[in-house]
2 protein chains.
Amino acid sequence: MSMNPSAMKSRTNVTIKDIARKLQLHHTTVSRALRDHPDVKEETRRLILATAQEMNYHPNTFAANLRNQKSNVIGVIVPELSHDFFSSIVSEVTNEADRHGYSVMICQSNESVDQENKNISALIRNRVAGVLASTSQFTINETPFRSIMDAGIPLVFFDRVCRGLATSKVVVDFYQGACQMMEHLIELGFRRIAHIAGPADVAGARERLQGYLDVCRRFGLPLDERLIVPGGFLAENGVLAAERLLALAHRPDAVFAVNDEVAIGAMIRLKEEGLQVPQDIAVAGFDNDKISAFTTPPLTTVDVPRVEIGKKSVELLLPYLEPAKTTPEPVIVRLATKLVVRASTGHPSA
Amino acid sequence: MSMNPSAMKSRTNVTIKDIARKLQLHHTTVSRALRDHPDVKEETRRLILATAQEMNYHPNTFAANLRNQKSNVIGVIVPELSHDFFSSIVSEVTNEADRHGYSVMICQSNESVDQENKNISALIRNRVAGVLASTSQFTINETPFRSIMDAGIPLVFFDRVCRGLATSKVVVDFYQGACQMMEHLIELGFRRIAHIAGPADVAGARERLQGYLDVCRRFGLPLDERLIVPGGFLAENGVLAAERLLALAHRPDAVFAVNDEVAIGAMIRLKEEGLQVPQDIAVAGFDNDKISAFTTPPLTTVDVPRVEIGKKSVELLLPYLEPAKTTPEPVIVRLATKLVVRASTGHPSA
DNA sequence: ATGAAAGCGCTAACAA
DNA sequence: TTGTTAGCGCTTTCAT
């Protein structure tokens, strides 16, 4: 077997010196021309640009970055890239970063603190210009993230943040979202509302629980501990939680789940039991996953502005990336949620 | 307002020279120690490592990469990161790359050839060690991808490939998947099966159509052009296609859609029309999106091994990244699909 | 408008 | 075992 042609091609890339040699110029002139420095004769400039193109020149960012002590890469850390929620955000981040001339280096922690620390090291080693991060479920120790800042790399958190660090943050007002949903359910006449809660370690889950509790209290609904079922963020958690609720002597007339996936898991189990949604029991979720519009019945949920999260995160990071005399003060942006009413709630049986 | 402390911190990073100065050693010795070079006294080595840690040293990859003429970054180009299908693959790629010491730089083309070309340039400029790519829907000109190879960067395609380039590829046997589904439908007794096709530009969509046609022919089913509705990959396309099928004098008894999203769009429209799925009309999809298990009825579909795609792509790329005397021959891996039977097909009415 | 020299942080060949 | 020297490709003074 002979080697294929491309494999035999020399890996030596064209440099500004190659261009300079060909044109009988000094490589600094070439460098200037390529970066539109004014001190280059228009004619030379055009010649250099044409030759660069023709020689298939691609600037070596390593060399430029080394020299300039900066890079054009934004590092992103998310818990799970395969999760709809995070991939939407990363997608927006990538587009926005690109618009501003930055590439994106992506890391996922897989909800592991260990992996998260490795990700942080990798991003520091790669001298990324800035980092956008959403922490793992189990991140308590903020030191690793602090080391990003210690390395002089600007850091912005989104969604899941380290409270103790003085950086910009983009968070979602989960409390408000939970309140919206609870008010909606109560308005429809539901009185015995269960909550399938998320992991207690996650601030956003706690906020939702707090919203549930506060609205119950505000409307004088009896607080029944058995109506609050702890769990995780997965559909299975919803199935199991539904089982526990079905076992109650006095069943709830509505279920507010910590997210759509859990709500769907619960709904499936409730329907298996022969209950009609929403006639026998209403079900509501959170997050407005794509999937929630396609369930039967379609799921009432709370929309979390993912695109906005991604856009805003980049926006908050950018000022730190441009060399400036004054470093901007950290900002905390709290984004509003929006109630999305669909058929899974609706008029209660009585 | 005073500046926050971290912002005031010098951006100057610790280098091997700083460590050397502190220990009264030469920086090359430090360099050796940090890379476990044998020619360093154990005692010195330990001292250096401890000091590095203490001084919070992070190797500068720019400098190392510049010197070594290589990087530790794998570039990935996908059409849409927010799409479940691609984000699952990228997730797996990221994990696998990480396992082998590589970081991942992510680019999305947003199905735009222009953006794709920009992505390619960015990856070449960043001197990534290798590229994994899935082309946009409209990529016809293969030159930009060839320029990756011309730059001496190994390239592996997955899912959507450039046929003309002699690189390794990971593809899915969509033809086989379509055949599996059609045989399933025919086995259940359906005889008038419609196909909601994808964009004719996408090879995978054409393969599915071909499978549909071949199986129809093989079983002697009448080929009715009106039963083949062209479209895209979105739910709306399914809704519109369903409308066209409903308008037919002789309606189909089953619908095989190019993917789950389209199938769900169609199903929604069919149910609106008062038709029962699968009693009045069966519906089948393709891809096994997460969502397909949660529709009512759950959707029969064809599983595409995303994790396997990601894993295999990295596996095919890796040998090209390690410096070796012989460059491996390009390999084309064709992954099998798997029929997933759920309730949306089922026994036909008669 | 162009050239010369220096250096970013690192590694590899060679010298001691 | 450690130190010396040179250079990866680029940009930024400073000189011409």
Side-chain angles (χ1 to χ4, degrees), chain A residues 10-49 51-52 55-73 124-129 151-153 323, chain B residues 10-49 51-52 55-72 124-129 151-152 323:
Chain A
S10 137
R11 291 207 55 163
T12 315
N13 289 295
V14 181
T15 73
I16 49 173
K17 283 191 183 171
D18 296 329
I19 300 175
R21 199 173 310 124
K22 181 151 184 177
L23 296 176
Q24 302 279 53
L25 283 167
H26 200 266
H27 70 272
T28 51
T29 308
V30 175
S31 172
R32 278 191 274 256
L34 290 172
R35 279 169 308 120
D36 281 327
H37 194 286
D39 287 357
V40 180
K41 211 202 312 177
E42 182 56 23
E43 193 194 321
T44 336
R45 206 183 63 82
R46 254 205 294 273
L47 182 63
I48 290 174
L49 259 55
T51 314
M55 294 180 74
N56 206 11
Y57 170 78
H58 296 276
N60 184 327
T61 50
F62 295 157
N65 290 344
L66 177 58
R67 171 64 227 231
N68 298 334
Q69 299 280 56
K70 65 176 215 67
S71 83
N72 295 292
V73 177
I124 295 177
R125 274 200 311 277
N126 280 291
R127 295 293 191 275
V128 293
I153 300 175
Chain B
S10 138
R11 291 208 54 163
T12 315
N13 290 294
V14 181
T15 73
I16 49 172
K17 283 191 183 170
D18 296 329
I19 299 174
R21 198 172 313 123
K22 180 151 186 177
L23 297 176
Q24 303 278 54
L25 284 167
H26 200 266
H27 71 272
T28 51
T29 307
V30 175
S31 171
R32 279 190 275 256
L34 291 171
R35 279 167 307 120
D36 281 325
H37 195 287
D39 286 356
V40 181
K41 211 203 311 176
E42 181 55 23
E43 194 193 323
T44 334
R45 206 182 64 83
R46 256 204 294 272
L47 183 64
I48 291 174
L49 259 53
T51 314
M55 294 180 75
N56 206 13
Y57 169 78
H58 296 278
N60 184 326
T61 50
F62 296 156
N65 290 344
L66 176 58
R67 171 66 225 228
N68 298 334
Q69 298 280 54
K70 66 177 216 63
S71 83
N72 294 291
I124 295 177
R125 274 200 310 278
N126 280 291
R127 296 294 191 274
V128 293

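The chains referred to below are lettered A, B, ... by the order of the sequence lines, with proteins before strands, and numbering in each begins at 1. Bear in mind the structure is a predicted one, so any value in this text is a computation, not a measurement.
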Between CG of B:Asp39 and P of C:dT11 the distance, given in whole Å, is 15 Å

Spell out, as yes or no, whether a donor-acceptor pair under 3.5 Å connects the side chain of A:Asn60 to the backbone of A:Phe62. yes

Less than 4.5 Å apart, side chain to side chain, heavy atoms only: is that true for B:Arg127 and B:Asn65? no

note: A:Gln24, atom CD; C:dG3, atom P; distance rounded to Å ~ 10 Å

Can you measure A:Asp18 atom CG to D:dG9 atom P for me and round it to whole angstrom units? 8 Å

Any heavy-atom pair between the side chains of B:Lys17 and B:Val30 that's under 4.5 Å? no

Under 4.0 angstrom between B:Gln69 side-chain N/O and C:dT11 OP1 or OP2: no

Let me know the distance between CZ of A:Phe62 and C1' of C:dG9, rounded to the nearest Å. 14 Å

Name the residue closer to the 5' end of DNA chain D, choosing between B:Leu66 and B:Glu42 according to the nucleotide with the nearest heavy atom. B:Glu42

Quick one: are A:Thr44 and A:Leu25 in side-chain contact, heavy atoms under 4.5 Å? yes

From NE2 of B:His26 across to P of D:dT5 the rounded distance in Å is 8 Å

What is the distance from NZ of A:Lys70 to C1' of C:dG9, rounded to the nearest Å? 18 Å

Might you list the N or O atoms of the protein lying below 3.5 Å from N or O atoms in nucleotides 12-16 of chain C, with each pair's distance?
{"residue": "C:dA12", "atom": "OP2", "partner": "B:Arg35", "partner atom": "NH1", "Å": "3.1"}
{"residue": "C:dA12", "atom": "O4'", "partner": "B:Arg67", "partner atom": "NH2", "Å": "3.0"}

Taking only side-chain N and O atoms of B:Thr29, does any of them lie within less than 4.0 angstrom of OP1 or OP2 on D:dG3? yes

Separation of A:Leu34 atom CG from C:dT2 atom C1', in whole Å? 15 Å

Evaluate the side-chain contact (heavy atoms from CB on, under 4.5 Å) criterion for residues B:Asn13 and B:His58: first the C-alpha distance (whole Å), next the side-chain angles of each, then the deciding distance (0.1 Å), finally the verdict. CA-CA 8 Å; B:Asn13 290 294; B:His58 296 278; over 6 Å; no

With heavy atoms under 4.0 Å as the rule, sort A:Thr44 into base, sugar-phosphate or nothing. sugar-phosphate

Just N and O in the side chain of A:Ser31: are any of them under 4.0 Å from OP1 or OP2 of D:dC10? no

B:Glu42 atom CD, neighbour heavy-atom count above 12 within 6.0 Å: yes

Whole angstroms only, please: what is the CG-C1' distance between B:Asn13 and C:dG9? 11 Å

Just to be sure I understand the rule, does A:Asn60 reach a base, reach only the sugar-phosphate, or reach nothing, if contact means heavy atoms closer than 4.0 Å? sugar-phosphate

Is there a donor-acceptor contact under 3.5 Å from the side chain of A:Ser31 to the main chain of A:His27? no

